Amino acid sequence: MISVNDFKTGLTIEVDNDIWQVLEFQHVKPGKGAAFVRSKLRNLRNGNIQEKTFRGGEKVSKAHIENKTMQYLYASGDTHAFMDTKTYEQIEIQSKQIEYELKFIKENMEVHIITYEGEILGVDLPNNVELTVTETEPGIKGDTASGGSKPATLETGHTVQVPFFINQGDMLVINTSDGKYVSRA
C-alpha cells in the first residue's frame, strides 16, 4: 500500500480493480476542510484518462509493472509477434491493443512490453524513432522561404507533415508521443 501523499508522475497504482498510471497530481489544502490530492490517471488496460480525487493520507495499492525488452518480429493478420531478446520466448499481441504504437514500430525494432501479473498491457516506445520516407512530393527550389510543410508517408504507413527539403528515401527522427517530425536522422 502507498499513501496518495507519496504520488509521483509515472507511478502505477491499482484502484477499482484496474491498473492506473499517474500522469499528473496536485496536493490541495483548502482553507476550510481536509487536504486532498487531485490526480489525472491513465488506465493501462484501455488507455482511458480519468481525473480522480483522493482524500489526504488515503492508501492505494501499488501495481508492480514489469518491463520486458522484446523485438518486433512480424504481423500475422490481427496479431503481432514479439520475441524476448534473452529467453527467445515469443508472444503475440492483438492489433487493437497497440494500434497507436504500430505507427512507429518496424521489423526487428526493440521495444518494452509492459506486463502486470502476466497480463500484457501494451508497448512502451522510445521517445524518438528513426523511420524512412517512402513517399512524398519532391521539393521545389525556393519553397523553403515560406516555411511551409508537405505530407510524407513513412515506412510504417504513418503520414507526417515535413519541411519542403525532405525527399523520398530520407531517414527522419519522429517523436512517438505526438507523432510529429523532429529532424533528419
Side-chain angles (χ1 to χ4, degrees), residues 1-72 80 82 84-86 91-106 109-131 147 149 154 156 158-163 172-185:
M1 296 294 268
I2 187 168
S3 169
V4 295
N5 297 336
D6 298 330
F7 271 10
K8 291 180 176 67
T9 302
L11 178 75
T12 50
I13 59 173
E14 190 173 354
V15 178
D16 303 330
N17 292 327
D18 264 327
I19 311 304
W20 301 87
Q21 184 176 32
V22 178
L23 299 178
E24 295 174 14
F25 65 96
Q26 179 183 18
H27 296 280
V28 181
K29 296 177 184 153
K32 182 180 178 186
F36 58 92
V37 177
R38 194 176 287 138
S39 63
K40 190 182 235 181
L41 308 172
R42 181 186 327 131
N43 187 324
L44 292 180
R45 288 195 171 117
N46 58 26
N48 291 347
I49 294 176
Q50 181 178 355
E51 292 195 12
K52 202 162 181 67
T53 303
F54 298 95
R55 290 186 311 277
E58 191 176 334
K59 302 267 188 208
V60 293
S61 298
K62 185 173 186 205
H64 296 284
I65 300 295
E66 192 178 325
N67 272 324
K68 280 188 189 174
T69 301
M70 296 188 117
Q71 184 179 35
Y72 177 63
H80 297 271
F82 292 85
D84 190 320
T85 53
K86 292 182 182 76
I91 60 165
E92 290 191 344
I93 301 177
Q94 296 292 320
S95 294
K96 65 178 186 278
Q97 199 172 355
I98 56 170
E99 205 171 328
Y100 176 77
E101 290 85 351
L102 287 174
K103 296 177 183 177
F104 310 106
I105 299 175
K106 57 184 178 180
M109 182 177 176
E110 286 194 356
V111 295
H112 295 281
I113 304 293
I114 304 165
T115 59
Y116 174 72
E117 295 179 355
E119 175 190 357
I120 297 166
L121 297 176
V123 175
D124 190 21
L125 296 170
N127 291 336
N128 295 319
V129 293
E130 292 184 5
L131 298 170
S149 61
L154 304 173
T156 59
H158 180 57
T159 304
V160 296
Q161 292 294 319
V162 297
L172 305 180
V173 176
I174 305 296
N175 183 333
T176 56
S177 61
D178 60 7
K180 293 185 177 169
Y181 164 84
V182 176
S183 67
R184 274 188 181 161

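Quantities reported herein were computed from a predicted structural model and do not represent experimental measurements. Both backbone and side-chain heavy atoms feed into the values below; hydrogens, waters and symmetry mates do not.
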Please walk me through it: do Ile113 and Ile120 pass side chain to side chain contact (heavy atoms under 4.5 Å, CB included)? CA-CA 7 Å; Ile113 304 293; Ile120 297 166; 4.0 Å; yes
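For residues 110-123, the pairs satisfying salt bridge (Lys or Arg N to Asp or Glu O under 4.0 Å) are Arg45-Glu119, with sequence neighbours left out. The list of side chain to side chain donor-acceptor pair (under 3.5 Å) pairs with a residue in residues 173-185, not counting sequence neighbours, reads Asn175-Ser177.
Of all heavy-atom pairs spanning Ile114 and Val123, the tightest one is CD1-C, 4.4 Å. Between Trp20 and Val15, the shortest heavy-atom distance links the atoms NE1-O, 3.1 Å. Residues Phe7 and Phe25 share a closest heavy-atom pair of O-CZ, 3.2 Å. Across every non-hydrogen atom of Gly179 and His158, the tightest pair is O-NE2, 3.2 Å. Annotation for Gly122 and Gln97: closest pair N-NE2, 4.3 Å, computed over non-hydrogen atoms.
The shortest distance between side-chain heavy atoms of Leu131 and Thr156 falls below 4.5 Å. Inter-residue side-chain proximity for Asn43 and Ile19 is flagged as unmet; no heavy-atom pair is nearer than 4.5 Å. Using a 4.5 Å cut-off on side-chain heavy atoms (C-beta onward), Ile65 and Leu121 make contact. Side-chain contact between Ile98 and Phe82 is present, with heavy atoms from C-beta onward closer than 4.5 Å. Two residues are said to be in side-chain contact when any heavy atoms from C-beta on lie closer than 4.5 Å; Glu130 and Leu172 fail this criterion.
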Can you list, pair by pair, the side-chain donor-acceptor contacts under 3.5 Å of residues 27-34, counting residues two or more places apart and other chains?
none

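Atom NZ of Lys40 is separated from atom CD of Glu24 by 4.5 Å, given to the nearest 0.5 angstrom. In this structure, Gln71 CD and Ile105 CD1 are separated by 12.0 Å, a value rounded to the nearest 0.5 Å. Put simply, NZ on Lys103 and OG1 on Thr159 are 9.5 Å apart, with the number rounded to the nearest 0.5 Å. Summarising the geometry, atom NZ belonging to Lys59 is positioned 8.5 Å from atom CG belonging to Asn5; distances are rounded to the nearest 0.5 Å. One finds the OG1 atom of Thr53 at 10.0 Å from the CD atom of Glu58 (value rounded to the nearest 0.5 Å). Taking CD1 from Ile2 and NZ from Lys8, the interatomic distance works out to 6.5 Å, rounded to the nearest 0.5 Å.
Partner Met70 forms a side-chain contact (heavy atoms from CB on, under 4.5 Å) with one of Asp84, Ile93, Thr85 and no other, that one being Asp84.
Remark: Glu66 engages Lys68, Thr115 in a side chain to side chain contact (heavy atoms under 4.5 Å, CB included) (not counting sequence neighbours). Applying the side chain to side chain contact (heavy atoms under 4.5 Å, CB included) criterion to Gln21, with sequence neighbours excluded, gives Thr12, Arg42, Leu44. The salt bridge (charged side-chain N to carboxylate O under 4.0 Å, His left out) test applied to Lys52 returns Asp16, not counting sequence neighbours.
Using a 3.5 Å distance cut-off with no hydrogens or angles, the side chains of Tyr116 and His64 do not pair a donor with an acceptor. Side-chain atoms of Ser149 and Gln161 include a donor-acceptor pair closer than 3.5 Å.
In the displayed structure, Lys62 atom NZ is contacted under 6.0 Å by at most 12 heavy atoms of other residues, nucleotides or ligands.
In this structure, Ser39 contributes its side chain and Leu41 its backbone to no donor-acceptor pair below 3.5 Å.
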